[in-house]
Amino acid sequence: MRSVGRSLGISHLLRARPSALSGGDMQRVAIGRALVRRPKALLLDEPIGSLDAKLREQMRVELKRLHYENGSTSIYVTHDQVEAMSLADRIVVMNDGVLQQVGTPTEVYLYPANLFVAQFIGSPVMNIAAATVGEADGKVQVSLDDARFDLPRELLGMLEQKKAPADLSLGVRPEGVLVSRDEQPGYRPAEAHLIQPFGGFDIVDLRIGSRTLRARTSSGFVDKAGDKVFARLDPAQAHFFDTRSGASLDIRLAG
Amino acid sequence: MARIRLENISKSFGTHVAVEDLDLDVADGEFFVLLGPTGAGKTTTLRMIAGLEKPTAGRVHINEVDVNGWGPAERDVALVLQQYSLYPRLTVRENLSFPLRSRIRRMSEADIEKRLDYASKTLRITHLLDRKTDRLSGGEMQRVSIGRAIVREPQVFLMDEPLSALDAKLREALRSELKDLQMRLGATFIFVTHDQVEAMTMGDRIAVLNHGRIVQVGRPQEVYTNPRNTFVASFVGSPAINLLNGRVANNGAVVTPTTFELPLAGQAAGEGAMTFGIRPEDVRVEAGAPVEARVHDIENHGIEKVVTLRVADHQVRATVPARVDIKLEEVVRFGWNADKVMLFDATTGVNLRHRAA
Ligand SMILES: Nc1ncnc2c1ncn2[C@@H]1O[C@H](COP(=O)(O)OP(=O)(O)O)[C@@H](O)[C@H]1O
Ligand SMILES: [Mg+2]
C-alpha cells in the first residue's frame, strides 16, 4: 500500500477522508485501490475523462509511469484521441461497435485504415475532399473541384494497381499542406482566411479556388486574414480513400 | 454594433468578493475572450454586462452610455449559455422565431421570415428548421441556441462557455465556425471560457482572470510569449510551460536545488533567486547539449512527441519531431533556446519584463 501510495503521489493522503479529496486525488486513490491488489490486468474506463485539461495532462504522465513501473497489462478505454495516442502501445479504434483499426499510435496516425480513423485521430482534423486524378500539361494532378495540385507520376500506376474506384477522396493533414509566402513551382495561389494561433504554431484556413484547406504553419507565418500565399500538398502525406466504403487505398507516395 | 466599457467594476456576494476592481474596454466588432479557471469571476462579469447582476461598485458603459440603471432587455444583448435554453417540444423554426414574436417588437411575418432565413443559412441549419429540438444532436442544439441570438440582431453577443459541453471533435469544428460567424457579422463578441485553446484560437484579445481580478489583457500571441506572471504562463499553452526555480549567476541560469546550469541570452535582468520559464518547443534534445537527463515519459501526438525529461527531482517537457527515436529511461542531453527564456520573480511570480514596464 505504501509503495502504491508513493508512486501515485498520495502518501500524504492515506489518512484523509475521500470526501475531502480533489478530483485528481480521488481518481489517484481509485487507481491505487485497483493496484494494491496486484492484478494481472488493469481495466480502466475513462479514468481521467472528468478532470480539467491541465490535470488530465499531468495525470496522463503519471498513469504512463505507473504502467511502466508496474508492468501489468492494461486495457484503457477513452473517447479522447490525444489520450489514446499519448498512452498506448497499441490502439484499437472502435465505431458503432465495429473495430476500425488496430495499430501503434504512429501507425494509426500515419496510415489510417479508413475515413473514420483518419478523421478521428489527429487534431485539427485531417482535410478530406472528393478528388479526381488526371493529367494536364504533362503533369499528374489531383483536383478538389477547382483546386488543383501536382502529385508524382507514379500515382497513376498505384491507383490502377489498387483498382481505385471513380469516387475517390483525398485526405491530407494540416501539416501536409505546405505554405510559402513566395510563388514557387508547384505551389497554387491561396488566400488566408481564419488564422488560429495555438502559441507554438498556427492553423491557417486557406482558400484555394472554391475549396478551403487547413494548413499548419510556424506561428505568425501568415500575418492576417486576406493575405495572399501559395500552397502545395506534400505527396508523402497524401491519403487516398474509396469514398463509398471509406477504406484507405493504402497508397504511399514518396515525398 | 457596440463598444463595451467596464469601469472599476466590483461584485460581492455577502462577504465574498467575486469580482474586484475590473477595468475593460472592448472595441466595437471585437472578439474578446474572458479566460480563467472555475470561480475566477467570468460568469459574474458577463452577467453584469447583460444586466442580470448589479455591480456592487463601478459602472458598465455600452457605446459610452452608462447603463447601470438599465434592465437586460433595454441593453439589447444576447446571452448564449453552455446549457441550451431551447423549448424542447417546439421545432427549430418556432424556437428561432420565438424571441421575435414578443409584443414589444411588433415585427411583421415577412421580417421574421427574413431574419430566420439569414440566421439559418449562416449557421447551416436550414435543413433542421422543421425538426423538434429534442431530436437534435448537441452540436445542432448549440447552433440553434446561437441562432436564437442572431435573429435578435443584438448589439453584443455574450457567450458563457457555449462549447464546453460538446465533445472534442465538435468543439474543434464549432470553434472555427463561431470565429468565422463573428467575422462575417462584424459583431462584438464577449466569450467566456476556461479552455485556453478556445481563447488562443478565437480571441482578438484575451483577458486572463484569476480570483476575480484581471491578470493580463493582450492578443493571444502576446499572452503566450510574454505572460504577465507564472499563473498566466502555465495557464496558457499545451503542453504546459516548464517553470524551474533557481538563480542567476555569471549571466547564466542555475537551477536549484539539483544544480544544473544553462546559458541566458544578453542582459540577464538582475542576479539572485528567480523562476525560469521555457516552453517545451524551446527545449532542445540533442547530443552535445549542456545537461544530462533521463527520459521519464514519451507521448506521441502524431505530428510530434512530447518528451518529459528527468534531472534528479526536476521534470522538463520538450517537444521533438515525431520521427525522433527515443526510449523510456534512455539517457539524453538537453538545452534550451536562451533567447526564449522568461524570467519571473521567485516570490511574486511576476515576469521581470512586466515589472520593469
Ligand atoms: N449568486 C452567487 N452567490 C454567491 N456566490 C456566488 C454567486 N455567483 C457566483 N458566486 C461566487 O463568485 C465567484 C465567481 O463565480 P463565477 O463568476 O461563477 O466564476 P466563473 O464563471 O469564472 O467560474 C465564485 O467563488 C462563486 O462561488
Ligand atoms: Mg462560469
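Small disclaimer: the values here were computed from a predicted structure and weren't measured. By convention in this document, chain letters (A, B, ...) are assigned in the order of the sequence lines, proteins followed by strands, and residues within each chain are numbered from 1.
Shown here is A:L99, whose CG atom has more than 12 heavy atoms of other residues, nucleotides or ligands within 6.0 Å. Annotation for A:R207: atom CZ does not count as buried by contact number, only 12 or fewer foreign heavy atoms lying within 6.0 Å. Applying the 6.0 Å contact sphere to NE2 of B:H314 captures more than 12 heavy atoms from other residues, nucleotides or ligands. Heavy atoms of other residues, nucleotides or ligands lying less than 6.0 angstrom from CG of B:D339 number more than 12. Within 6.0 Å of CG on A:D146 lie more than 12 heavy atoms contributed by other residues, nucleotides or ligands. Few gaps surround CZ on B:R184; more than 12 heavy atoms of other groups in view lie less than 6.0 Å from it. No more than 12 heavy atoms of other residues, nucleotides or ligands sit less than 6.0 Å from atom CZ of B:R135.
By number of non-hydrogen pairs under 4.5 angstrom with chain B, the leading residue of A:Q119, A:H193, A:M85 is A:M85. Between chain B and the options A:Q58, A:Q196, A:R216, heavy-atom pairs under 4.5 Å are most frequent for A:Q196. When each of B:D180, B:T308, B:V197 is scored by its heavy-atom pairs under 4.5 Å with chain A, the top score falls to B:D180. Counting heavy-atom pairs closer than 4.5 Å to chain B, the top-ranked of the candidates A:A84, A:P124, A:G122 is A:P124. Comparing B:H296, B:M202, B:H194, B:Q196 by heavy-atom pairs within less than 4.5 Å of chain A, the highest count is held by B:H296. Chosen from B:K305, B:M200, B:E281, the residue pairing most often with chain A at heavy-atom distances under 4.5 Å is B:M200.
Side chain of A:K54 to main chain of B:A240: no donor-acceptor pair is present (N/O by atom type, distance under 3.5 Å, no hydrogens or angles). The main-chain N or O of A:S123 is never found under 3.5 Å from a side-chain atom of B:E172 such that the two would form a donor-acceptor pair.
Salt bridge annotation for A:R65-B:E299: absent, with no cationic side-chain nitrogen under 4.0 angstrom from a carboxylate oxygen.
Among B:R175, B:M183, B:E177, the single residue meeting the side chain to side chain contact (heavy atoms under 4.5 Å, CB included) criterion with A:L194 is B:M183.
Of the two parts of A:A225, only the side chain, counted from C-beta on, holds a non-hydrogen atom closer than 4.5 Å to a non-hydrogen atom of chain B. In this structure, no portion of B:T38 lies under 4.5 Å from any heavy atom of chain A. For A:Y68, the part lying near chain B is the side chain, with the backbone staying farther off; criterion is any non-hydrogen pair under 4.5 Å. Neither the backbone nor the side chain of A:I203 comes within less than 4.5 Å of any heavy atom in chain B. Neither the backbone nor the side chain of B:E198 comes within less than 4.5 Å of any heavy atom in chain A. B:R310 touches chain A through its side chain: at least one heavy atom from C-beta onward sits under 4.5 Å away, while N, CA, C and O do not.
A:R214 and B:S176 are linked by a side-chain donor-acceptor pair at a separation below 3.5 angstrom, with hydrogens and angles left out of the test.
A distance of 11.5 Å separates CG of B:D297 from NE2 of A:H67, quoted to the nearest 0.5 Å. Interatomic distance, NZ of B:K179 versus CG of A:D205, reported as 12.0 Å (0.5 Å rounding). Interatomic distance, CD1 of B:I298 versus CG of A:L87, reported as 12.5 Å (0.5 Å rounding). Between the CD1 atom in B:I303 and the CZ atom in A:R173 there is a gap of 9.5 Å [rounded to 0.5 Å].
When all heavy atoms are compared, the tightest approach of A:F198 to B:Y224 is O-CE1, 4.1 Å.
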Query - Test log, rule side chain to side chain contact (heavy atoms under 4.5 Å, CB included), inputs A:T106 and B:N300 - result: CA-CA 8 Å; A:T106 302; B:N300 189 329; 3.1 Å; yes
